Novice: 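A single structure is presented below for examination.
All ligand and atom numbering here is 1-based and tracks the order in the structure. Computed from a prediction, not measured in an experiment: that's the story for all the values here.
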Amino acid sequence: MERPKKPKKSSISYWIIALCVFLALQAFVFPRLFQQSVKEVSYDTFISMTEEKNIGAVQIEGSQITFTDKNEKQVYRTGTLDDPEMIQRLYESGAEFQSKIDSTSNPLLQFLISIVLPIVLMILIFRFFSKKMTERMGGSGSMMFGMGKSNAKIYVKSTAGIKFQDVAGEEEAKELLTEIVDFLHKPERYQEIGASMPKGALLVGPPGTGKTLLAKAVAGEADVPFFSISGSEFVEMFVGMGAAKVRDLFQQANEKAPCIVFIDEIDAIGKKRDGGQFGGGNDEREQTLNQLLTEMDGFDGSKGVVILAATNRPEALDPALLRPGRFDRRIPVELPDLEGRIDILKVHAKKIQLVDNVDFSVIARTAAGASGAELANIVNEAALRAVRLGRSRATQEDLMESVEVVIAGYQKKNRVLSNKEKLIVAYHEIGHALVAAMQSHSAPVQKITIIPRTSGALGYTMQVEEDEHYLMTQTEIENKIATLTGGRAAEELVFHEITTGASNDIEKATKMARAMVSRFGMSEEFGMVAMETVQNQYLSSDASLTCSMETQTRIDKKVSEIIQNQYDRAMTMLKSNVAKLDELAKYLYEHETITGEEFMQILNRSGALVQ
Ligand code: ADP
Ligand code: MG
Ligand code: ZN
């Protein structure tokens, strides 16, 4: 990796500083040095010394008189008074006297000190701060002149670089990117047949799925220069600077072609232009975007400049960026599936010391929905835990525990629940587990615990799907909602009192029920009508309503109806198996954590469940 060289600091500024120091010394320090041991006396002492003829040299300097005694041993000083006879007296005393033209009244020096010095100082201070500022804004170079420079990092291919093999899963994305790398290496093959490469490719997907990593892998694979810059680095304080940076970047890229330009988090500059309805909009950002669009049109693809960009907000990008001829190839980088998760775990497990008999598939199944970044984190947490426990290798157990850490946070050491609370939590969790176990289409229970976590969970029931689902049936969603309400139902059944502990369950159940009605067309009342649209499929599943207020009221009613129905179902199941509920809850209360096998054993031990 190499950065463009900084221009050398000009030596003129050193000379200016030296001059200032000299002038300051000249004006304030040197004169004082020669005035040691001056004795301040009153004017009448001066008069009496004159009359005693005990006076040597006298110097009148502005408003002060400096004089010595006859033997010139001691220097005295006093202020002048309006004394017309002074000259006469001095003359009579036989003293040597003169009025001095002092250094500060030298007009040239005075001019230098009072006008030139402050100006020079101000210029220096201004330079200092504006440089600090450019540095902070990510600019390089000196002051104004460096502000329009792009500071894209240039990666040169190195053996230590990231390769495609370091990116696990994401096969489709790798395939599409491999083609681009291949084109840069052998353009003739493509030109012969008349194919031209897409000018730009946009990597889209949720955070942490390896978009930046893929781009780095492209840099590692391609034998061409690779410019990498983040969208936010174009955002500048002054209008026009971002555009200048874009221009500079593309100029550099054109010189180095064939090469790859990578703009990470492009949404920072590529957001939709709003037509200025809100007081003119953001001029600076628009100018930067316009410049980018112009530059992308400006060069022809055959030259071999490929632009990669990454974002997790594709819906927010300006449509002009996405039209053919610009970022016309869209490369989805999705959350990994089960296979992908196993592969990612394996890639990262190579970096740590691990015992041999680790079963990654269990961990990958438990970590359903985790992104690549989270999986990397899980492996690292496992290694940290092993060190904490004084082991030299991480084990399966470390990995399992760190999945829970990533999902639910660390175990809380200091929060000790009261016995009563512990019992309520135990019943709550067994309520979930029992309802889950009594329904056919629901994932098996893997673990139940009532050890509080730093995320705020007082306990949880972990269910792990046997295999991956891409579709969910209506029954499955309903079963999930019933399972979620099982906790609260158990509390009410046993303690005739409800607690705040179910808030998270309620939230999840509501989201599911609402999606059933407004997005999945799973209610008879509304049928297949979309009443919500998801804005961003990657950052959150929050949707915005696209229906009238009146319909919203009806949706809300329907949602609470669905949840109530499932709650009633869960309650019935628990009521008819209250003995099992008691037995399991007591067991969990004593053991604090039980595995899915223990749970099933107790469940099957004494008699079948009542359906
Ligand atoms: P983003 O998509 O947000 O740019 P990154 O590329 O920055 O995500 O990924 C963050 C980290 O997660 C990477 O440095 C890597 O350690 C890990 N990671 C993500 N996806 C993968 C993957 N497919 N294979 C291996 N590691 C991955
Ligand atoms: Mg990234
Ligand atoms: Zn719960």
Side-chain angles (χ1 to χ4, degrees), residues 162-174 177 202-219 228-232 262-268 308-314 331-337 339-352 364 370-380 406 408 424-436 448-450 452-453 456-463 480-491 498-509 538-539 567 570:
I162 295 162
K163 292 283 177 64
F164 277 144
Q165 73 196 38
D166 296 310
V167 188
E170 310 299 350
E171 295 306 327
E172 299 82 7
K174 277 196 258 180
L177 290 169
L202 186 64
L203 298 158
V204 294
T209 45
K211 298 182 292 298
T212 309
L213 190 71
L214 271 166
K216 284 185 187 158
V218 170
S228 164
I229 190 165
S230 167
S232 60
F262 174 53
I263 306 173
D264 206 354
E265 314 286 353
I266 195 174
D267 43 285
L308 291 182
T311 181
N312 42 34
R313 308 188 51 198
I331 304 180
V333 187
E334 297 289 345
L335 285 174
D337 56 9
E339 283 301 312
R341 289 200 298 277
I342 295 174
D343 288 344
I344 294 172
L345 284 171
K346 281 183 181 159
V347 164
H348 288 278
K350 279 194 203 123
K351 298 176 195 161
I352 67 165
S371 68
E374 280 166 324
L375 293 167
N377 191 16
I378 284 171
V379 174
N380 191 49
V406 172
I424 296 175
V425 177
Y427 269 101
H428 177 107
E429 295 308 330
I430 294 295
H432 285 309
L434 208 54
V435 174
I448 312 168
T449 171
I450 52 169
R453 295 271 168 174
L458 297 177
Y460 57 85
T461 304
M462 194 194 264
Q463 282 174 273
K480 268 210 157 125
I481 296 174
T483 306
L484 284 166
T485 59
R488 162 67 63 91
E491 287 178 36
I498 52 180
T499 68
T500 54
S503 62
N504 190 254
D505 302 333
I506 294 171
E507 205 180 307
K508 282 192 204 151
Y538 298 128
L539 292 182
Y567 181 79

Novice: Provide the closest heavy-atom pair for L214 versus L203 in the form atom of the first, atom of the second, distance.
Specialist: CD1-CD2, 4.4 Å
Novice: Return the residue, atom name and 0.1 Å-rounded distance of the protein heavy atom closest to atom 16 (O) of ligand 1.
Specialist: H348 CE1, 3.1 Å
Novice: Any idea which heavy atoms bring S371 and P336 closest together, and the distance?
Specialist: CA-CD, 4.2 Å
Novice: Distances under 2.8 Å only: what protein N/O/S atoms are near the Mg ion (ligand 2), ordered by chain and residue?
Specialist: T212 OG1
Novice: Report the nearest protein non-hydrogen atom to atom 23 (N) of ligand 1: residue, atom name, distance rounded to 0.1 Å.
Specialist: A168 O, 2.8 Å
Novice: What protein heavy atom sits nearest atom 10 (C) of ligand 1, and how far away is it?
Specialist: A373 CB, 3.9 Å
Novice: Go through the steps to decide whether D166 and L213 satisfy the test side-chain contact (heavy atoms from CB on, under 4.5 Å), and finish with yes or no.
Specialist: CA-CA 9 Å; D166 296 310; L213 190 71; 5.7 Å; no
Novice: Are more than 12 heavy atoms from other residues, nucleotides or ligands located less than 6.0 Å from atom NZ of K174?
Specialist: yes
Novice: Starting from atom 18 (N) of ligand 1, find the nearest protein heavy-atom neighbour and note its residue, name and distance.
Specialist: G372 C, 3.7 Å
Novice: Just to be sure I read this right, does ligand 1 sit under 4.0 Å from the backbone of T212, its side chain, both, or neither, counting only heavy atoms?
Specialist: both
Novice: What is the nearest protein non-hydrogen atom to atom 6 (O) of ligand 1, stated with its residue, atom name and distance?
Specialist: L213 N, 2.9 Å
Novice: May I ask you to check whether E265 and S230 show a side-chain donor-acceptor distance below 3.5 Å?
Specialist: no
Novice: Supply the atom-to-atom distance D505 CG to H432 NE2, rounded to the nearest 0.5 angstrom.
Specialist: 3.5 Å
Novice: Looking at ligand 1, would P207 count as a contact under a 4.0 Å heavy-atom criterion?
Specialist: yes
Novice: Hey, which of V333, N312, L335 is the one that makes side-chain contact (heavy atoms from CB on, under 4.5 Å) with P206?
Specialist: L335
Novice: Can you tell me which N/O/S atom of D505 has the shortest distance to the Zn ion (ligand 3)?
Specialist: OD2
Novice: Any nitrogen or oxygen of I344, side chain or backbone, less than 3.5 Å from one on ligand 1?
Specialist: no
Novice: Can you name the closest pair of heavy atoms from I448 and E429 and give their distance?
Specialist: CG2-CB, 3.7 Å
Novice: Would you check the N or O atoms of V347, main chain and side chain alike, for any that come under 3.5 Å of an N or O of ligand 1?
Specialist: no
Novice: Between G208 and ligand 1, does any nitrogen or oxygen pair lie at a separation below 3.5 Å?
Specialist: yes
Novice: By atom name, which N, O or S atom of H432 is the nearest to the Zn ion (ligand 3)?
Specialist: NE2
Novice: Check ligand 1 against V167 and write out every atom of the ligand that is under 4.0 Å from a heavy-atom position of the residue.
Specialist: 23 (N), 24 (N)
Novice: Heavy-atom contacts under 4.0 Å between D166 and ligand 1: side chain, backbone, both, or neither?
Specialist: backbone
Novice: Would you mind finding which of N312, D264, T209, V379 brings a heavy atom closest to atom 20 (N) of ligand 1?
Specialist: T209
Novice: For T485 and A570, work out which heavy atoms get closest and say how close.
Specialist: OG1-CB, 3.7 Å
Novice: Regarding E429, does it place an N, O or S atom less than 2.8 Å from the Zn ion (ligand 3)?
Specialist: no
